[in-house]
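Residue numbering restarts at 1 for every chain, and letters A, B, ... go by the order of the sequence lines.
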Number of protein chains: 2
Amino acid sequence: MSPRTPKPADDAALEGGRRRATINDIARIAGVSKKTVSRVINRSPSLRPETREKIEAVIAKYGYAPDPQARGLAFRRSFLIGLIYDNPNPQYVVNMQLGLLDGMRGSGFELVVHPCDRGSTTLVPDIRAFIERQKLFGVVLTPSVSEDEGVAAMLREIGCEYVRVASVAVDEASHSIVTQDRHGGLLAGRHLAELGHRRVGFISGPLTFRSSHERRGGFEEGLSEHGLTLAAEHVAEGAYTFESGLEGAAKLLALPNGPTAIFAGNDEMAAGALHAARRAGLSVPEDLSVVGFDDFQIASRVWPPLTTVRSPTREIGRLASEKLIGQAGDDKRDPADRLPSLVVRESTSGPRG
Amino acid sequence: MSPRTPKPADDAALEGGRRRATINDIARIAGVSKKTVSRVINRSPSLRPETREKIEAVIAKYGYAPDPQARGLAFRRSFLIGLIYDNPNPQYVVNMQLGLLDGMRGSGFELVVHPCDRGSTTLVPDIRAFIERQKLFGVVLTPSVSEDEGVAAMLREIGCEYVRVASVAVDEASHSIVTQDRHGGLLAGRHLAELGHRRVGFISGPLTFRSSHERRGGFEEGLSEHGLTLAAEHVAEGAYTFESGLEGAAKLLALPNGPTAIFAGNDEMAAGALHAARRAGLSVPEDLSVVGFDDFQIASRVWPPLTTVRSPTREIGRLASEKLIGQAGDDKRDPADRLPSLVVRESTSGPRG
DNA sequence: GGTTCGATTGACACCGGTGTCGGAGGAAGT
DNA sequence: ACTTCCTCCGACACCGGTGTCAATCGAACC
């Protein structure tokens, strides 16, 4: 009937917690304009401390939190972070998500996931539509989409914040996080060399992945520290899949003077190598040592448990989201936490005899 | 200088694709009010077909898509779906996410992930804050949070749409998707009985998970079809973890007249059972048959590859999101697709002798 | 032919925030 | 005492949609 509901009724709902407070409520109760409340929310410096405190008290009392949608509408930008990935390994994806969420906690941002297919002809427009539709604040890209320059160019063009996680610096420092895969490969190479192996093999990931080259490069570096080299015929090209690891290892083991140790580009392929060894009647580690990469769950579930390189995926994820929302800065943690490390289990030993 | 920028300049940006069209642009160009454009977006029935077509043509020409934030603000509800989970298995989580995205494709909704800890004392308020902050359209809950009545009560109280994925109907049909774990257990029981085993063991998941009871119940049902029963001393309580599977199996294998076959509540525990058998000097399947549940990657990576029950997680996820956004209905797929199925590999055979 | 009525459509306020700009008020300068 | 300047704050429009309600229109009615 009456043109406007009387305010007291609204306030009752507010007090009772049946209605969330809005900026108007806070402004009215604190006796200021909504713009001033907005200034408190956005940490504007030009505010008298008393005013700020008065408003903060009211905000605290009513548990007010600004509506991200309304704020986003006015800002022309949402408070959502997109994770764009094409890595099919579930554990990688989940660890990355957990890390991203670690870095976003308490920031008011949310994580929206967006798997994609790098082989798709509509990759770039699809990602673009995703970003523009939701007016994403920014995106995190992981390998191998993170290595796609077409996608990166589009992101720059539309002015979307982004962080690319990759095994080498594929972009300027503010836009990339490097995973130091080379260092991981080096640890694997050193380990096998130190155990006394002379003939070692390598099963690479797909050559379209930078990490394949980095892991191999580091591996060769580790070997060379001990005067060893990686013979070309002892390298098999895999695809980061179990089956490709099985086939690659089978090929190497069929060689007349094959390797006594194999470094596989990831745990999945190392598990395949274990199966290949079993089929060839070889026991691990006595007849063949195997080293993996990632230290995902599978590494400790297979038999024998895999010696592998642990990659700090979750930590990397945390860094990525912190960098994206500009909360980086005072990172007091040891940078060594971000380096891959070697986890020695039972799949490696010195060569027989 | 001038109070308003002349429109022509804006239109140039629009034509050039440098500016996204808004409802105002469409209305102006189509020569109608924005409210009428809004009506075509929302499929309002009271619109003359010619008007609708005229507007749709303009929308198509400019590739207009409504801004979810603005729409959400007016609707007091976002177009985000939350996935709330506490299942620590990466593959489960990723498959579920993929399934949810399958069901949401083209609907304009996005998926926001929210892992949680069911043991936390602030579980309910945390989830509530998550939902209210983003004004989520709805949420999907997976085990075991999906079985929490406190969470469900809160969801009903705040009027949030939700779908609970669980192994039994924990809520009314419109709010739950049941995974038929009992049927999966039955397949495992039948399989082992048909192979000729007489003494079989079971390693359960945590008793706080409904699925633990369902899988066991189905298993016993399958056994009983062949006149077998599950002896109480042949049951070990696990926790769905590799280690608990290892310990549980070790306990059963140490029994004087232990089981010749073990059904583990999931693949992780089955992998643990494999390790326990190896440590006990038993070979699988000759001395011990092992059956898992889930058919995650690990099942085919261990040695011997596991006979296991495949759960259609991705399919379940698709159903969940379709139900949530009300796109269910004409599902012409075979309902049998949603039933667990048995995948026979090399970890099972008849008992020795 | 005037009236009634349902089907279409538009004007306007509103969702809950932010940007712009101008005004009030006190301190400092002359 | 009168400017001048700076600090702090509010009025108002706007972001891009939707809800409400009234206006318009042609067809059907008496």
Side-chain donor/acceptor of [X] to backbone N/O of [Y], under 3.5 Å:
X: B:Asp25; Y: B:Thr22; value: yes
X: A:Arg128; Y: A:Ile158; value: no
X: A:Ser78; Y: A:Lys135; value: yes
X: B:Arg338; Y: B:Val178; value: no

Please work out if A:Leu47 contacts a base, only the sugar-phosphate, or nothing of the nucleic acid, heavy-atom cut-off 4.0 Å.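 Sugar-phosphate contact only - A:Leu47 comes under 4.0 Å of backbone atoms but never of a base.
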OP1 or OP2 of [N] less than 4.0 angstrom from a side-chain nitrogen or oxygen of [X], does that happen here?
X: A:Arg48; N: D:dT7; result: no
X: B:Thr51; N: C:dT9; result: yes
X: B:Arg71; N: D:dT18; result: yes

Would you please classify the geometry between the A:Tyr162 ring and the A:His175 ring as parallel, tilted or perpendicular, with 30° and 60° separating the classes?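 Ring orientation, 0 to 90° scale: parallel.
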Is the shortest heavy-atom distance from the side chain of A:Pro49 to the side chain of A:Arg52 under 4.5 Å?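 No. Closest side-chain heavy atoms not under 4.5 Å.
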Would you say that A:Arg156 contacts A:Asp171 through its side chain, given a criterion of any heavy-atom pair below 4.5 Å between the two side chains?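 The answer is yes; the side chains approach within 4.5 Å.
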In residues 34-44 of chain A, which ones come under 4.0 Å of DNA chain D, going by heavy atoms?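 Here the set is A:Lys35, A:Thr36, A:Arg39.
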In whole angstrom, give the distance that lies between atom [atom1] of [X] and atom [atom2] of [N].
X: B:Arg133; N: C:dG17; atom1: CZ; atom2: P; value: 14 Å
X: B:Leu73; N: D:dG19; atom1: CG; atom2: P; value: 12 Å
X: B:Arg77; N: C:dC15; atom1: CZ; atom2: P; value: 18 Å
X: A:Phe79; N: C:dT18; atom1: CZ; atom2: C1'; value: 10 Å
X: A:Lys135; N: C:dT18; atom1: NZ; atom2: C1'; value: 13 Å
X: A:Gln134; N: D:dG17; atom1: CD; atom2: P; value: 13 Å

Qualifying residues under side-chain contact (heavy atoms from CB on, under 4.5 Å), relative to A:Arg71, sequence neighbours excluded: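 Scan of A:Arg71 (side-chain contact (heavy atoms from CB on, under 4.5 Å), adjacent residues dropped) gives A:Ile41, A:Asn42, A:Pro66, A:Phe75, A:Phe79.
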Which angle, rounded to 10°, do you find between the first-five-pair axis and the last-five-pair axis of the helix from C:dG1-D:dC30 to C:dT30-D:dA1?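 Its terminal axes enclose an angle near 50°.
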State which of D:dG17, D:dG10, D:dC15 makes the closest approach to the side chain of B:Tyr64.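 Closest nucleotide among those given: D:dG17.
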What's the closest nucleotide to the B:Phe75 side chain, out of C:dG17, C:dC15, D:dG19?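 In terms of side-chain proximity for B:Phe75, the closest of C:dG17, C:dC15, D:dG19 is D:dG19.
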Could you please spell out the steps behind the side chain to side chain donor-acceptor pair (under 3.5 Å) verdict for B:Asp86 and B:Ser144? CA-CA 7 Å; B:Asp86 62 338; B:Ser144 72; 2.9 Å; yes
If you assign each of B:Gln69 and A:Ser33 to its closest nucleotide in DNA chain D, which residue comes earlier from the 5' end?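 Between the two, 5'-proximity favours A:Ser33.
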